[in-house]
Enquirer: 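What follows is a structure written as structure tokens; I'll ask about it next.
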Amino acid sequence: MAERAEWQSMADPIVTVSELLAPAFAAVGGPGVDPVVRPSDRADAQANGALAIAKQLGQNPRQVAEAVLAIARDLLVGVCSDIEIAGPGFLNLTFTNEFLASQLAAAANDSHLGVRSTPLVEHIVVDYSHPNVAKEMHVGHLRTTVIGDAIVRMLTFVGHRVTKENHIGDWGTPFGMLIEHMLDLGETEAASELSVGDLAGFYKAARVKFEAGEAFGDRARQRVVLLQGGDAETLRLWGVLVAESTRYFNTVYATLGVLLTDADLAPESMYNPMLPDVVTRLRDVGLLRESDGAQVVFPAGYLNREGEPLPLIVQNSVGGYNYATTDLACVIDRVERLKVDRMVYVVGAPQAQHLAMVFAVSEMAGWLAPGVAVHVAFGNVLGADRKMLKSRSGESLKLNELLNEALERAEAAVVDKNPDLPAAERTAVAHAIGIGAVKYADLSTDRIKDYVFEWDRMLSFDGNTAPYLQYAHARICSIFRRAEVDRASVRNSVPVLATPQERALALRLLAFDTAVWDTIDRYSPHRLCTYLFDLAQDFTGFYEHCPVLKAADEATKQSRLALCDVTARVMEKGLDLLGISAPERM
RNA sequence: GCCCCUGUAGCUCAGCUGGACAGAGCACCGGACUUCUAAUCCGAUGGUCGCAGGUUCGAAUCCUGCCGGGGGCGCCA
């Protein structure tokens with residue numbers, strides 16, 4: 001069950017001011033009125049709440065704003081140097097430098113860099129990646145894995161208890177043919193083929209034999225019966241397939257740098273024993289219907305082509321279960337065994353209706369409270385032709401090959417840009433850049449949209465790319481290498497925000513909190529990406545205009561070192577939340 | 001046929017659940033390296049926010065209807 005959080009950071013000035021202003025707005029507009037404080041390009045922030053109040057009360061918005069301001073002035077002493085009413089009734093707020101500097105000093109000494117913890121700790125299961133045993137991982141698995149991983153990192157960072165679940169496809173009729181194919185090849189040969197990652201070849205060969213020969217097909221079907229009957233030798237053979245495949249998946253995860261381990265495996269086979277119970281329980285609550293020989297449930301509001309109620313089939317006409325049954329078992333398991341407060345499904349957009357129906361049936365059956373299950377949907381990865389990304393030969397692109405190409409391209413770029421980098425470091429840097437570029441390209445656009453996969457753009461050091469952000473971080477590290485000061489020591493000094501660039505950077509750094517929470521609230525990693533890009537731009541502006549090591553005086557130097565330190569840490573942590581590493585040199 | 005997603009600068013994308021004149025980045029053009037990494041920065045050009053209505057003091061954002069693109073719609077997952 002949800003519980004109170006242990007820590008609570010200093011918040012974004014926007015949030016702080018919002019809380020300070022709340023009583024003033026409440027006095028004029030009534031309790032619970034939102035001041036609606038937002039960043040502004042006219043000032044540091046603007047409060048738009050007066051307009052909503054005026055509308056509700058039928059009053060003049062400027063007069064409402066004046067009434068609010070009369071009370072608010074005293075509340076914001078020391079926080080705002082200037083508050084003025086503008087336009088139809090906005091309150092334009094300008095923060096004092098002292099306030100910003102003290103907030104920044106607090107953030108610098110905070111283990112979470114000013115990001116608030118969750119008020120209530122929830123147990124959240126995140127369901128992502130889910131590759132199929134003895135089947136190649138392709139680009140389709142990239143998004144679920146990368147987005148899911150980022151969401152896990154962020155939920156964990158703000159204090160939630162997170163359970164990762166990798167729902168691998170390790171059960172079903174294809175395993176009859178796969179096991180028979182393995183026997184034909186010989187176990188040793190089959191295992192080595194799978195462990196080097198030729199899953200596509202293995203699967204295809206099995207498929208070809210299955211479709212070609214009746215004898216093989218009969219063997220495969222008999223093998224399925226043995227598998228489902230729990231035959232020991234068949235289960236052992238099946239186990240070899242699963243073990244070799246997961247070993248291969250782990251090499252991909254290692255390259256990708258995601259958090260998934262064998263401990264996170266929640267294979268379909270795990271739910272197999274629970275499937276009859278799902279049907280029984282649906283029958284017990286009176287939801288089960290028979291339709292064309294199948295056992296089904298009709299969730300309200302779903303229609304088929306003919307405009308008739310659309311069923312969720314939980315047992316087909318010959319008594320077999322399907323993925324709907326498994327997904328329902330999964331919901332029950334998460335609610336009753338894991339006792340989760342929330343479940344997040346990072347699954348492609350085409351599954352939207354299926355998941356909605358599974359959730360609807362689960363709610364009708366009383367297993368699931370509304371809003372507990374969330375579908376974090378995402379679009380496709382497209383090629384330059386705006387169609388699903390394919391390999392040169394026209395087949396679906398192996399994820400492994402894609403990642404290897406990223407590493408090669410990044411290595412070439414590093415050699416080109418920084419030939420002096422030692423060879424050992426070069427490989428590590430190329431890995432950070434190459435994988436970072438691929439992940440960032442995936443995370444930096446709104447997940448619901450398709451995006452176009454373009455090597456040249458994602459590996460560019462200009463624009464909204466991982467290398468650009470990593471470079472900003474590396475430059476700061478370079479300053480500290482030359483400065484020969486202890487990074488931690490500068491955290492005691494309160495920065496002086498003398499120039500527009502220093503001020504802009506400080507404001508941006510303090511918005512980290514809001515950026516992280518916006519991202520979490522919508523499960524939209526691209527929001528954090530946008531923030532980090534803005535941060536990198538603000539930093540490079542500062543870097544160009546504000547000499548650090550050659551600052552005019554020692555106090556300024558200390559102040560700027562402090563800004564550099566927080567910037568580097570926010571950038572590193574921000575990238576880390578996206579699953580991207582930040583090299584100290586590149 | 002019904003349902004879901006989507007349409008913003010030449011290209012790739014943001015736009016903070018209704019706020020001020022729609023923002024970036026590429027590309028193109030013009031500048032800045034004896035300088036803490038020029039893998040960078042500064043500036044200029046560039047948009048009837050798919051179209052038409054509506055709600056509102058105020059709409060890219062909400063509602064309705066069209067048009068274009070993608071996807072889903074009973075025994076695979």
Enquirer: May I ask you to say what T445(A) touches in the nucleic acid, namely base, sugar-phosphate or nothing, with a heavy-atom cut-off under 4.0 Å?
Expert: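 Answer is sugar-phosphate: T445(A) comes under 4.0 Å of backbone atoms only.
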
Enquirer: Below the 4.0 Å mark, does C41(B) have OP1 or OP2 next to a side-chain nitrogen or oxygen of T540(A)?
Expert: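 Checking C41(B) against T540(A), a side-chain N or O does come within under 4.0 Å of OP1 or OP2.
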
Enquirer: What contact category does P350(A) fall into here, base, sugar-phosphate, or nothing, at under 4.0 angstrom with non-hydrogen atoms?
Expert: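 It contacts sugar-phosphate atoms only.
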
Enquirer: As a test of reading the structure: which of U40(B), A38(B), G74(B) is closest to the side chain of Y543(A), going by heavy atoms?
Expert: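 Ranking U40(B), A38(B), G74(B) by closest atom to the Y543(A) side chain puts A38(B) first.
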
Enquirer: Would you say the side chains of Q558(A) and E554(A) form a donor-acceptor pair under 3.5 Å?
Expert: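 Distance-only check passes for Q558(A) and E554(A).
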
Enquirer: Applying the Watson-Crick and G-U wobble criteria at under 3.5 Å, what pairs with G47(B)? Answer none if nothing qualifies.
Expert: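 The answer is none; no pair meets the criterion.
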
Enquirer: Given the structure, check if the side chain of K55(A) and the base of G58(B) hold any donor-acceptor pair shorter than 3.5 Å.
Expert: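 Checked by distance alone, the answer is yes.
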
Enquirer: When rounded to the nearest Å, what value does the distance between P atoms of G50(B) and A22(B) take?
Expert: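 Taking atom P in both G50(B) and A22(B), they lie 15 Å apart.
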
Enquirer: Looking for any heavy atom pair under 4.0 Å, which part of the strands does R585(A) touch: base, sugar-phosphate only, or nothing?
Expert: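 Here R585(A) touches the bases of the nucleic acid.
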
Enquirer: Would you classify V548(A) as touching base, sugar-phosphate or nothing, given that sugar-phosphate means primed atoms plus P, OP1 and OP2, and contacts are heavy atoms under 4.0 Å?
Expert: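 Base contact.
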
Enquirer: Looking only at atom C1', what distance separates G18(B) and G58(B), rounded to whole Å?
Expert: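 Per the computed distance, 8 Å lies between those C1' atoms.
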
Enquirer: With sugar-phosphate meaning primed atoms plus P, OP1 and OP2, does C477(A) contact a base, only sugar-phosphate, or nothing at under 4.0 Å between heavy atoms?
Expert: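 Counting heavy atoms under 4.0 Å across all strands, no contact is made by C477(A).
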
Enquirer: Whole-Å distance between A24(B) C1' and H526(A) NE2?
Expert: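 Nearest whole value for this atom pair: 13 Å.
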
Enquirer: To the side chain of R457(A), which of U12(B), C36(B), A39(B) is closest?
Expert: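 Output: U12(B).
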
Enquirer: Going by an N to O cut-off under 4.0 Å, is there a salt bridge joining R503(A) and D44(A)?
Expert: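 Yes, R503(A) and D44(A) are salt-bridged.
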
Enquirer: Rounded to the Å, how far apart are Q470(A) CD and A39(B) C1'?
Expert: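 Answer to the nearest Å: 11 Å.
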
Enquirer: Checking all strands, does D41(A) fall into the base, sugar-phosphate, or nothing category for heavy-atom contacts under 4.0 angstrom?
Expert: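 Here D41(A) touches the bases of the nucleic acid.
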
Enquirer: Would you indicate what N322(A) reaches in the nucleic acid, counting non-hydrogen atoms under 4.0 angstrom: base, sugar-phosphate, or nothing?
Expert: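 If one applies the 4.0 Å heavy-atom cut-off, N322(A) turns out to touch the sugar-phosphate alone, with no base involved.
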
Enquirer: Let me know, please, whether R38(A) or D292(A) comes out on the 5' side of the other along RNA chain B by nearest nucleotide.
Expert: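 Looking at RNA chain B, the more 5' nearest nucleotide goes with R38(A).
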
Enquirer: Pick the C1' atom in G47(B) and in G1(B), then give their distance to the nearest Å.
Expert: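 Pairwise C1' distance, G47(B) against G1(B), rounds to 37 Å.
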
Enquirer: Name the closest nucleotide to the F461(A) side chain, picking from G72(B), A39(B), C41(B).
Expert: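 For F461(A), the side-chain atoms sit closest to A39(B).
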
Enquirer: In whole angstrom, give me the gap between the C1' atoms of A60(B) and G23(B).
Expert: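 It comes out at 12 Å once rounded to the nearest Å.
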
Enquirer: Taking atom C1' in both A77(B) and C16(B), compute the distance separating them and give it to the nearest angstrom.
Expert: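 That atom pair is separated by 38 Å.
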
Enquirer: Between A27(B) and G7(B), how many Å separate the two C1' atoms, rounded to a whole number?
Expert: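 Nearest-Å result for A27(B) against G7(B) at atom C1': 22 Å.
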
Enquirer: Does the ring centre of F539(A) sit less than 6.0 Å away from the ring centre of H473(A)?
Expert: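 No, the ring of H473(A) stays outside the 6.0 Å limit from the ring of F539(A), centre to centre.
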
Enquirer: Whole-Å distance between G72(B) P and L355(A) CG?
Expert: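 So the CG-P distance, L355(A) to G72(B), works out to 14 Å.
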
Enquirer: Once rounded to the nearest 0.5 Å, what's the spacing between atom CZ of R38(A) and atom CD of Q46(A)?
Expert: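 Reported to 0.5 Å precision, the distance equals 9.0 Å.
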
Enquirer: Could you please name the partner base of C28(B), counting Watson-Crick and G-U wobble pairs only when both distances are under 3.5 Å?
Expert: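 C28(B) is unpaired by these criteria.
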
Enquirer: NA contact type, V296(A), heavy-atom cut-off 4.0 Å: base, sugar-phosphate, or nothing?
Expert: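 Touches a base.
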
Enquirer: Select from P88(A) and N132(A) the residue whose nearest nucleotide in RNA chain B is closer to the 5' end of that strand.
Expert: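 Its nucleotide being nearer the 5' end, the pick is P88(A).
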
Enquirer: May I ask you to check whether F359(A) and Y345(A) place their ring centers less than 6.0 Å from one another?
Expert: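 Yes - the distance between ring centres of F359(A) and Y345(A) falls below the 6.0 Å cut-off.
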
Enquirer: Y321(A) near the nucleic acid: base, sugar-phosphate alone, or nothing, with a heavy-atom cut-off under 4.0 Å?
Expert: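 Sugar-phosphate only.
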
Enquirer: Mind listing the closest non-hydrogen atom pair of A432(A) and S581(A) along with its distance?
Expert: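 Scanning both residues completely, I find the closest heavy atoms to be CB-OG, 3.4 Å.
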
Enquirer: Please pick, from C73(B), U6(B), C42(B), the nucleotide with the shortest atom-to-atom distance to any side-chain atom of I448(A).
Expert: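 Minimum distance to the I448(A) side chain belongs to U6(B).
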
Enquirer: Side chain of P39(A) only, heavy atoms from C-beta on: which candidate in G25(B), A39(B), C16(B) is closest?
Expert: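 Shortest atom-to-atom distance from the side chain points to C16(B).
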
Enquirer: Between atom CZ in R386(A) and atom C1' in C11(B), what is the gap in whole Å?
Expert: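 Rounded to the whole Å, the gap is 10 Å.
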
Enquirer: Using the C1' atoms only, state how far A59(B) lies from C21(B), rounded to an integer number of Å.
Expert: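 Looking at atom C1' only, C21(B) and A59(B) are 15 Å apart.
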
Enquirer: Compare the minimum distances between each of C75(B), U40(B), G7(B) and the side chain of I313(A), then state the nucleotide with the smallest one.
Expert: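 Between C75(B), U40(B), G7(B), the one nearest the side chain of I313(A) would be C75(B).
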
Enquirer: Using a 4.0 Å heavy-atom cut-off across all strands, classify L312(A) as base, sugar-phosphate, or nothing.
Expert: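 L312(A): no heavy atom of the nucleic acid under 4.0 Å.
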
Enquirer: Considering Watson-Crick and G-U wobble pairs with both distances under 3.5 Å, what does C62(B) pair with?
Expert: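 Check on C62(B): paired to G54(B), both distances under 3.5 Å.
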
Enquirer: How many Å lie between CD1 on I479(A) and C1' on U40(B), as a whole number?
Expert: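 It works out to 13 Å between those atoms.
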
Enquirer: Does C76(B) have a Watson-Crick or wobble mate here (both distances under 3.5 Å), and if so which one?
Expert: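 In the structure as shown, C76(B) has no Watson-Crick or wobble partner.
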
Enquirer: Are D565(A) and R569(A) within salt-bridge range, i.e. N to O under 4.0 Å?
Expert: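 Counted as a salt bridge, because a side-chain N and a carboxylate O are separated by less than 4.0 Å.
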
Enquirer: Considering only the C1' atoms, how many Å lie between A14(B) and G25(B), rounded to the nearest integer?
Expert: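 Taking atom C1' in both A14(B) and G25(B), they lie 10 Å apart.
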
Enquirer: Could you tell me the separation between the CD atom of Q315(A) and the P atom of C75(B), rounded to a whole number of Å?
Expert: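 Whole-Å distance recorded here is 16 Å.
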
Enquirer: Do we see a donor-acceptor contact under 3.5 Å between the side chains of T514(A) and D12(A)?
Expert: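 Yes.
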
Enquirer: By the 4.0 Å heavy-atom rule, please label A86(A) as base, sugar-phosphate, or nothing.
Expert: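 It contacts base atoms.
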
Enquirer: With a non-hydrogen cut-off below 4.0 angstrom, is A294(A) in contact with a base, only sugar-phosphate, or nothing?
Expert: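 Base contact.
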
Enquirer: Whom does A22(B) pair with, Watson-Crick or G-U wobble, provided both distances fall under 3.5 Å?
Expert: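 Matched A22(B) with nothing under the 3.5 Å cut-off.
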
Enquirer: Measure the distance from CD on E308(A) to C1' on G1(B) and round it to the nearest whole Å.
Expert: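 So the CD-C1' distance, E308(A) to G1(B), works out to 13 Å.
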
Enquirer: Which value, rounded to the nearest 0.5 Å, describes the distance between L399(A) atom CG and H138(A) atom NE2?
Expert: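 Spacing of CG (L399(A)) from NE2 (H138(A)) equals 9.0 Å.
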
Enquirer: How is S291(A) classified with respect to the nucleic acid when contacts are heavy atoms under 4.0 Å: base, sugar-phosphate, or nothing?
Expert: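 Touches a base.
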
Enquirer: Name the pairing partner of G68(B), where a pair is Watson-Crick or G-U wobble with both distances under 3.5 Å, or state none.
Expert: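 Its partner is U6(B).
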
Enquirer: Among A39(B), A24(B), A14(B), which is the nearest nucleotide to the side chain of Q537(A)?
Expert: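 It is A24(B).
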
Enquirer: Does A515(A) reach a base, just sugar-phosphate, or nothing at all? Heavy atoms under 4.0 Å.
Expert: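 Nothing: the residue A515(A), judged by heavy atoms under 4.0 Å, touches no strand.
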
Enquirer: In whole Å, I'd like the distance from the CG atom of D446(A) to the P atom of C16(B).
Expert: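 Whole-Å distance recorded here is 11 Å.
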
